[in-house]
**Q** 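For reference, the structure I am asking about is given below.
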Amino acid sequence: MFPWRYTLVVLGVLVGYAWGAGPASAQERTALPSRQHATVRPTADVAQASLPSVDAAALRAEDRAANDRVGPYRYGQTLEANLSPSRHGTWEQLPSGRWLWRLRIESQDAVSLSVGFSTFQLPPDATLFLHGPDAPTVHGPYTAADATEGEHWTPLVRGDELVLELETANRERATGLTVGHVVHGYRTLPTGPQTPRSKSGACNLDVACEEADPWRDQVRAVGGYTLRRGQDNLFCSGSLVNNTAQDGRPLFLTAEHCVQSPAQANSMVFYWNFQTADCRSLGSDENGTFPRDSLTVGGWDQTSSGAVLRARYGNVHQNQGISGKPDLTLVEVDDDIPDSYNLYLNGWSREDEATRESVTIHHPRGHGKRISFDDEPASITAYGLTGGGDTHLRIGDWDLGTTEGGSSGGPLYDADQQVVGVLSGGFAGCTGDGTDNDQPDWYGRLAAGFENGDYNNTTVADVLDPLNTGADALDGRPLSEGPDTTPPAPIRDLRVDEVNTRDRSVTLRWTATGDDGRAGTAQRYLLRYDTTRIETAADFEQARSVSAPPPPDTAGATETAVVTASDGLEAGRTYYFALVAEDDAGNRSRRTSPDREAVLVREIQVDKAGGAASPGAGSSSRTQFVLNETQEVRVTLYDLLGRRVRVLLDEEIPEGFRQTVRIPTRSLSSGPYFLRFVGERFAITRKVVVVN
């Protein structure tokens, strides 16, 4: 049997909404009604409904006992409630004459809370918000249009208390609102200093990495989602897909073992564009953590609530097993998704063949979006280790990246960037040392289920090929043809190529990025410099601009810029540079800086002392020097009696670059030593002291 692989540990931060950062739902953001009027009573004075806690220890024990079964990971339990504005909460009349209703809901020891409205029939003028007690996280406004089959499910709010806030013109008409369910999240979430930071495997690859550059459109199609199944609340991945009518319907393909019924589809809450802004190193500790300070703009506040089940072809709804069918579910997002989300509808292929090479994009353990690559051909098999069949594609092992819990339902792409299947299960993951475990995964084949369906007499083909074209494949397209919101990709390999200290000039070189990602040609470059490091957006805005950077070339070309004294460079200073590409719509790439600074020295500079280090502080100390002209340099370490201990450096050193010389203190006895710097036109001695 397979391990229970589909996990979520970080949902509390998936959905945070930084007030003022942007809309949290499909509606335009407006300020909280309670924030607009000084006469409104404090939140602490609002009536509270206290719901029971859950036995988290017992639930975790059940999770451990079930770890030999495939399934999405359970992160929360549903508490039944029957709360409404007519019987609970606090009403106040606002100075405008409109009415404000608020209700605090608490469930002790919850790490997150969310709400399922069993009745959601708001008056046309009413708006509803959901937020934490101090309003750090706000979702809404929601209106009558947000109902799905008469219900509405909300994103999560961190902590064990939330506040509902309804504004309406007539309190007597606000009778069609019932909180039927409250979701108590019992998994520890990395959402504050009081909780440990969640980890995904360190062998995962961020979609911010350059390996994902050819897949920028497909990255925009993938989302994670929560849903309710009975008393359990779960998490999976999936992706938006195109249809032959090319009408922009927000169809979403995922796994049937995640979503099987109309009620489960109604409870889905989608999280879009949730990914890191930076590419972290494979195997590093930081790659396994959840970087709350490194999200893309809008990367955790873009949500959609509710979906309608359109087609299904799987076995879990009948016998709780995946084998025998390809594990496919198609839903339609029941929300108007804003153009500003800049989402994409994946293309697909139902051609009856295995992939030559494969890619998947997914949310492992509920973390930011990751991408994985397999360079070997897949094989057509049955699901798992059960023998022959043709329902699934088997990935022998991932060559770069992996999948983990939470990846369930994520799309599998072929070399033509078209979806051919969804993740059903497998053994892939990361080892304890941050490397891929080289285990297989199985993806339910779109080809095996395309002409079939076991819900409402509807096949997958009926939904994806409504024009009955018989197409074997379809290209993707943007979800909407709204304004261009795709920025150029980050600039590659920006470096200080040459420093001329006499002319006070610095030559920079890089590879041109594109307009949308790495395609096309950007509109302009913003090149800036400062005498201190440019580490933040504020630093960049305050840095000095280079007046005439080169116009962008086509993506992939080599670019060169020479910054001179006429741009303001002065002798005797150290300069740091940063570069941003901008397209004609004003979208900017992420800021890029060279690894090295440029030093415009008037004369040769050497550190006054090399320093000292004990063994506990490291195996070496260091000193640095800068040349005002390029030459061969030899750095030698001598003891107090003038005996040569070691040659530390012997090579040509370019001018204007700070050069580091490491002193192997751990292998030396305590006492004074001398560093001798000898160049073609200079000689300098510095004393160092080693303390062991």
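As the structure is a prediction and not an experimental result, all values here were calculated from the model.
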**Q** Please confirm whether His152 and Tyr142 have ring centers closer than 6.0 angstrom.
**A** yes
**Q** Is any side-chain heavy atom of Trp510 closer than 4.5 Å to a side-chain heavy atom of Thr592?
**A** no
**Q** With no hydrogens and no angle check, just 3.5 Å: does a side-chain donor-acceptor pair link Ser239 and Asn346?
**A** yes
**Q** Are Arg229 and Asp232 within salt-bridge range, i.e. N to O under 4.0 Å?
**A** no
**Q** Return yes if a side-chain donor-acceptor contact under 3.5 Å exists between Ser424 and Asp327, otherwise no.
**A** yes
**Q** Give a yes or no on whether a salt bridge exists between Glu332 and Arg249, defined as a side-chain N under 4.0 angstrom from a carboxylate O.
**A** yes
**Q** Do His139 and Thr154 come close enough that some side-chain heavy atom pair is under 4.5 Å?
**A**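 His139 does not reach Thr154 side chain to side chain.
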**Q** Looking at Arg356, I'd like to know if its CZ atom is crowded, meaning that more than 12 non-hydrogen atoms belonging to other residues, nucleotides or ligands lie closer than 6.0 Å.
**A**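 Open.
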**Q** Among side-chain atoms of Thr574 and Arg658, is any donor-acceptor pair under 3.5 angstrom?
**A** yes
**Q** Just checking, Arg528 and Phe577: is the charged tip under 6.0 Å from the six-membered ring centre and within 45° of the axis?
**A** no
**Q** For Asp516 and Thr486, run side chain to side chain donor-acceptor pair (under 3.5 Å): C-alpha distance rounded to whole Å, both residues' side-chain angles, the deciding distance at 0.1 Å, then the answer.
**A** CA-CA 5 Å; Asp516 296 327; Thr486 303; 4.6 Å; no
**Q** Is any side-chain heavy atom of Ser372 closer than 4.5 Å to one of Arg370?
**A** no
**Q** Quick one: does Thr402's side chain have a donor or acceptor within less than 3.5 Å of a partner on Gly429's backbone?
**A** yes
**Q** Start with the C-alpha gap between Thr148 and Asp334, add the side-chain angles, then the distance that decides, and say whether side chain to side chain donor-acceptor pair (under 3.5 Å) holds.
**A** CA-CA 7 Å; Thr148 302; Asp334 187 35; 2.8 Å; yes
**Q** Hey, do the aromatic rings of Phe274 and Trp272 have their centres closer than 6.0 Å?
**A**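 That pair fails the under 6.0 Å test.
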**Q** Could you please spell out the steps behind the side chain to side chain donor-acceptor pair (under 3.5 Å) verdict for Thr511 and Asp493?
**A** CA-CA 6 Å; Thr511 301; Asp493 59 21; 2.9 Å; yes
**Q** Ser304 and Val333: which non-hydrogen atoms are nearest, and at how many Å?
**A**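 Smallest heavy-atom distance, with atoms named: CB-CG1, 3.8 Å.
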**Q** Rounded to the nearest 0.5 Å, what's the gap from OG1 on Thr303 to CZ on Phe270? Could you check?
**A**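 Spacing of OG1 (Thr303) from CZ (Phe270) equals 10.5 Å.
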**Q** Do Gln302 and Asn273 have side-chain N/O donor and acceptor atoms under 3.5 Å apart?
**A** yes
**Q** Check whether any side-chain heavy atom of Leu130 sits under 4.5 Å from a side-chain heavy atom of Val157, and report yes or no.
**A**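 When only atoms from C-beta onward are counted, Val157 and Leu130 do touch, with a gap below 4.5 Å.
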**Q** Hey, would you say the Tyr225 and Phe252 ring centroids sit under 6.0 Å apart?
**A** yes
**Q** Between the side chains of Glu541 and Arg588, is the shortest nitrogen-to-carboxylate-oxygen separation below 4.0 Å, so that they form an ion pair?
**A**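 So Arg588 pairs with Glu541 through a salt bridge.
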**Q** If I compare all heavy atoms of Leu423 with all of Tyr443, which pair ends up nearest, and what's the gap?
**A**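 Heavy-atom minimum between the residues: N-CD2, 3.2 Å.
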**Q** Starting at OG of Ser589, measure out to OH of Tyr525 and round the result to the nearest 0.5 Å.
**A** 8.5 Å
**Q** State which residue, out of Leu253, Leu446, Val420, fulfils the side-chain contact (heavy atoms from CB on, under 4.5 Å) condition with Trp348.
**A** Leu446
**Q** Would Arg74 and Leu59 count as a side-chain contact (heavy atoms from CB on, under 4.5 Å) if you check the C-alpha gap in whole Å, the side-chain angles of each, and the deciding distance to 0.1 Å?
**A** CA-CA 9 Å; Arg74 181 174 63 177; Leu59 291 169; 3.9 Å; yes
**Q** Any ion pair linking Arg492 and Asp213 (charged N to carboxylate O, less than 4.0 Å)?
**A**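 Here Asp213 pairs with Arg492 in a salt bridge, since their nearest N and O are under 4.0 Å apart.
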**Q** When you compare the side chains of Asp515 and Thr521, does any donor N or O come within less than 3.5 Å of an acceptor on the partner?
**A** no
**Q** Check this for me, if you would: do Asp530 and Arg544 make a salt bridge, where the nitrogen-to-carboxylate-oxygen distance has to be below 4.0 angstrom?
**A** no
